[in-house]
Amino acid sequence: MDYKKTLNLPKTGFPMKANLAGREPNQLEAWETMGLYDRIRQSSQGRPAFVLHDGPPYANGHIHIGTAMNKILKDIILRSRQMAGFNAAYVPGWDCHGLPIEHNVDKELGSRKKEMTQAQVRRKCRAYAEKFIDIQRDEFKRLGVMGEWDNPYLTMNYRYEAIIARELFKFALDGSLFRSKKPIHWCCSCKTALAEAEIEYHDESSPSVYVKFALKDDPADIDELLAGREVSVVIWTTTPWTLPANLAVALHPDFEYAAVETGDGQVLILARELVDDCMKIFGIADYGIVADLKAQDLENKRCRHPFYDRDSLIILGDHVTLEAGTGCVHTAPGHGREDYDVGLQYGLDAYSPVNDNGVFTDEVERYAGQFVFKANDDIIQTLTDKGVLLARDDISHSYPHCWRCKRPVIFRATPQWFISMENTGLRKKSLQAIDQVQWIPHWGRERIYGMIENRPDWCVSRQRAWGAPITVFICEKCDTVHMDEAAMNHVFDQFAAHGADVWFEKEASELLPEGTVCKHCGGSSFARETDILDVWFDSGVSHAAVLEDRDYLRWPADLYLEGSDQHRGWFHSALLTAVGTRGQAPYRAVLTHGFVVDAAGKKMSKSIGNVVAPKTVINRYGAEILRMWVSASDYRDDVRISDNILKQLSDAYRRIRNTSRFLLGNLNDFSPESDSVPVDQMLEIDRFALHTLQALVERALKAYDAYEFHVIYHRLYNYCTVDLSSFYLDILKDRLYTSPAASTARRSAQTAMYAILDAIARVMAPIMPFTAEEIWKHMPAVSGRAESIHLVTFPKPDSGLKDDELATRWETLISVRAEVTKALEKARAEKVIGHSLDSAVTVGLSDDLFAVLSPFQEDLRSILIVSRAAMTAGEIPGAYAGQETEGVWVKVEPAGGEKCQRCWVYDDSVGKIADHPTICSRCSGALAQMGDLDASA
């Protein structure tokens, strides 16, 4: 008889080899064909909403690994909220305006751009953005990200552009929007103003100079001891190119200053605390303090500019520090934010003789036509020639750069549009709103709070072509801004119908309601502003253009989720635009993730060659492995990725998949509806398995709620490999394979296995949607089962399946079993046995352990997976002693007897059964039972 045919060996169509890269596209197509996303929305009607608002990626280029991580995180959250019983719609979006797109279009157009109108250039930019939206949409879908891909939000959609204009009008109507000439970050390469969010800092080498500003007023008026002396105030600067714009020297009102006489008779004024350090820098050994001075005695005195025939006023300012320099600060109000602020108090002009290219204008004597940074050397030479340079050096310091072209920027005063942080209390209100938001991790609160607390007014104007226009009208008669609700509504309607291009195609009179007159002078002729808006305003008002504009969403959002750089970007602009117009933050919670780095923790860089492209990973491993990588990482810190990490995850995936396949294979003849065994009739080990399953489900659901996906991944992996494969399923094999197919013993195991598989498939579904769906398709049929696992909810922990007393016994047994396993491994290494079934084991136990475990005596052989097993109280002399668990002794011997050809257990009954001389009595009884069942059938 071929006894193998009498065994219940696993059978399943679920393949061992995943072939994710090949199989996933077919699954995506199937989901699209069945309209899965729409079906989920329909089935979710009436559920409480959960709104994760998508921060728009930029429509320029292919997605990178960081973008992939971001989108996968969002998808995991939305799928998990959906399965937790919420209606979690996902509206993806794209940021479509801005300089990078315009730059690339400029390259494509070349010299042809000069012959095109601004509206024509804008249409080219729109087409460019549309191309990459299509590319990125496909790339996001390939990741398994589910959403409203046919109806995303685009910042260049006509209605969205209309809402941008309306939101800006609101700031204008309440007096927050104003035009002023004040210094802002200016990129000479991109030829546009930049906001704080568009600045990044890198180390830069700059010339450091100490310069004498000769006192013009009579020094005796400051102190009699200075009468008749040649006195100079000494400044220090790392931007010599700003000296042509110098109008003042600032001192701190509370610092003590000193007049220091040098050996050659000149007198230098600087902060008293810095005298000795500065003299070393100047190389002056012979000096002495002539007089101690108060800053107030120097205020409003005049110095001579070091190389121009004009005055430099001595002023007081709290921004002066003693950290470096001389305590006397060169002040050019047109080239520094603090210089500008203090200059306003003294009526100084924001003088900035630099054009859009960063070149000195014709009014700058000696240096006209020079690029400002290149002029440094000539200016220093002039200082030397004039005899006013005391010292120079090159220093490395953190310097602002444009985050697009990566080049150093300058501070330059130009007429720009600003949103005030103070006029309507925007700063104070925003700081209050921050404390109403949950920041995850908590340090996000401190980061954005500090940024809002210290930020200047928001410069919202840009001098480019591609963007939403600043929809402001200016009376040509009195030069005042005209803004009212009628104008706002008229512009909104035109933008909604035709897009923002009409602003550049029509005259101001066509953009305003008929009969509009200036409220100040009664004039009827208006000009329209030609600057465009900061793109951060575009994306910042997405809460209005998306959350409020779609009736199935809700304002504010439950969650914003982006990288940690967005505290100065989207989180920041969204907060200001919402608080400024609605009085509260647009989000209830903000979740931040780190950046993707290589295995060594280094930033991804094409020049280094350590970039990992999502497409490369997907083609080799499949999107499922990329999703596992996201879930396995504690994404709140920087996340490492490498081929080795991906290989390890691929191995982990294989173990989870093989565990699922084993469960499916052993459920091939099981019907949950007709074959399930009531819990109170199940074998104890099966009930223990259901108990441990509840812990997995509880922990997973709690981790999903806390967005701790790495906890779920590790717990699921350990559950599959340790709790199931290495323990429960390993013990079950004998019972599953050798028991009669329909016996209570086998059905008990199958009942537990079905519950386990159903639960782990649902738990893994948000993270591993492809594999979970594949498992779902191969599970035993149940009437009314949903067509997709993504249409069902999470498993619910069942307190009725928890049995702490039972669990305590089994956990004790597991610890003893671990010692038996070590003893078997030692015996195998010493060639005492081969397979564990070749052994007979005697386990000696301390009195306490024996009292707990003696009820397991009858099942001990199958639990230990040996041929013979006995349990005894007390130490076994010469036996293996437990290493982790005290009071355990294990004696391992060859089993003896004959090996059953059906179950492979050595048993004394083998050879004693006439009809079946090569099998044991247990297997003979099973065959008889099977025969009885067949006969009755």
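Hydrogens, waters and symmetry mates are skipped; everything else that's a heavy atom, side chains included, is used. Keep in mind that what you see is a predicted model, and the values were worked out from it rather than measured.
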Check the pair Arg137 / Asp134 against salt bridge (Lys or Arg N to Asp or Glu O under 4.0 Å), numbers first and verdict last. CA-CA 5 Å; Arg137 178 193 283 115; Asp134 289 341; 2.8 Å; yes

Worksheet entry | Short side-chain donor-acceptor distance under 3.5 Å, Gln45 and Asn87 | no

* Within the 6.0 Å centroid threshold, strictly below: His185 and Phe411 -> yes

| request: Examine the side chains of Asp356 and Trp186 and answer whether a donor and an acceptor come within less than 3.5 Å of each other. | output: no

Please indicate whether Asn619 has more than 12 foreign heavy atoms, meaning atoms of other residues, nucleotides or ligands, lying under 6.0 Å from its CG.
yes

Quick check on the 6.0 Å ring-centre criterion: do Phe132 and Tyr128 meet it? yes

Open item on the list: For the residue pair Asp643 / Tyr621, report whether a side-chain donor-acceptor contact shorter than 3.5 Å exists.
Closed with: yes

Electrostatic pair Arg81:Asp558 at N-O distance under 4.0 angstrom:
no

| task | Indicate the ring-plane relationship of Tyr587 and Phe571, choosing parallel, tilted or perpendicular according to the 30° and 60° boundaries. | result | perpendicular

Exercise. Could you tell me whether the side chains of Thr577 and His543 share a donor-acceptor contact shorter than 3.5 Å?
Key: yes

Distance-only, no hydrogens or angles: does the Tyr153 side chain make a donor-acceptor pair with backbone N or O of Asp95 under 3.5 Å?
no

Return yes if some donor-acceptor pair links the side-chain N/O of Trp149 with the main-chain N/O of Val145 below 3.5 Å, else return no. yes

Q) Between Glu510 and Arg528, does at least one N-O distance fall below 4.0 Å, as a salt bridge requires? A) no

Of all heavy-atom pairs linking Gly22 and Asn26, the shortest is O-ND2, 3.6 Å

Exactly one of Val590, Leu591, Leu78 clears side chain to side chain contact (heavy atoms under 4.5 Å, CB included) with Leu559, and that residue is Leu591

Tested for side chain to side chain donor-acceptor pair (under 3.5 Å) against Lys406, the lone hit among His202, Glu200, His401 is Glu200

Would you mind checking if Asp54 and Lys71 are paired as a salt bridge, meaning a charged N to carboxylate O distance below 4.0 Å? yes

Solution key, residues 546-553 side-chain donor-acceptor pairs under 3.5 Å, sequence neighbours excluded:
residue	atom	partner	partner atom	Å
Glu548	OE1	Arg582	NE	3.4
Glu548	OE1	Arg582	NH2	2.8
Glu548	OE2	Arg582	NE	2.9
Asp549	OD1	Arg159	NE	3.1
Asp549	OD1	Arg159	NH2	2.9
Asp549	OD2	Arg159	NE	2.7
Arg550	NH1	Glu148	OE2	3.1
Arg550	NH1	Asn151	O	2.9
Arg550	NH1	Tyr552	OH	3.0
Arg550	NH2	Asn151	O	3.2
Arg550	NH2	Pro152	O	3.2
Tyr552	OH	Glu148	OE1	2.9
Tyr552	OH	Glu148	OE2	2.7

Interatomic distance, CG@Asp457 vs CD1@Ile419, rounded to 0.5 Å, equals 9.5 Å

Scanning both residues in full, the closest heavy-atom pair of Ile63 with Gln136 reads CG2-CG, 3.9 Å

Whether over 12 other heavy atoms sit under 6.0 Å from Lys603 NZ = no

salt_bridge(Glu102, Arg122) N-O dist < 4.0 Å: no

Quiz prompt | Steps toward salt bridge (Lys or Arg N to Asp or Glu O under 4.0 Å) verdict (Lys74, Glu562) | solution = CA-CA 9 Å; Lys74 291 172 180 173; Glu562 300 299 330; 2.6 Å; yes

- Does Gln494 use its side chain to pair, donor to acceptor, with the backbone of Leu511 at less than 3.5 Å? yes

Problem - Ring centroid separation Phe537 to Trp458 under 6.0 Å - result: yes

Relative to each other, are the rings of Phe371 and Phe373 parallel, tilted or perpendicular (30° and 60° limits)? perpendicular

(request) State plainly whether the residues Glu108 and Lys124 are in salt-bridge range, i.e. N to O under 4.0 Å. (result) no

inquiry  = For the aromatic rings, using the six-membered ring if either is Trp, is the centroid distance between Trp536 and Tyr58 under 6.0 Å?
reply    = no

Any Lys/Arg nitrogen of Arg142 or Asp138 sitting under 4.0 Å from an Asp/Glu carboxylate oxygen of the other?
-> no

Centroid-centroid distance, Trp31 to Phe770, less than 6.0 Å: yes

Q. Does the gap between the ring centers of Trp570 and His53 come in under 6.0 Å?
A. yes

Are a donor atom and an acceptor atom from the side chains of Tyr653 and Thr771 found within less than 3.5 Å of each other? yes

Flag, side chain of Arg627 to backbone of Ile767, donor-acceptor distance under 3.5 Å: yes

Notebook entry, point to check: Below 4.0 angstrom, N of the basic side chain to O of the carboxylate: do Glu787 and Lys777 qualify?
Noted result: no

message = The test is salt bridge (Lys or Arg N to Asp or Glu O under 4.0 Å); show your working for Arg462 and Glu198 and say whether it passes.
response = CA-CA 12 Å; Arg462 297 294 181 271; Glu198 297 167 305; 2.5 Å; yes

Heavy-atom donor-acceptor pair, Thr592 side chain to Ser564 backbone, under 3.5 Å:
no

- Is the shortest side-chain N to carboxylate O distance from Glu161 to Arg126 below 4.0 Å? yes

Side chain to side chain contact (heavy atoms under 4.5 Å, CB included) test vs Cys187 passes for just one of Pro400, Cys402, Pro408, namely Cys402

Do Asp106 and Lys113 sit within salt-bridge range, that is, some charged N less than 4.0 Å from a carboxylate O?
-> yes

Query raised in the report: So with a 6.0 Å cut-off around NZ of Lys191, is the heavy-atom count from everything else above 12?
Result: no

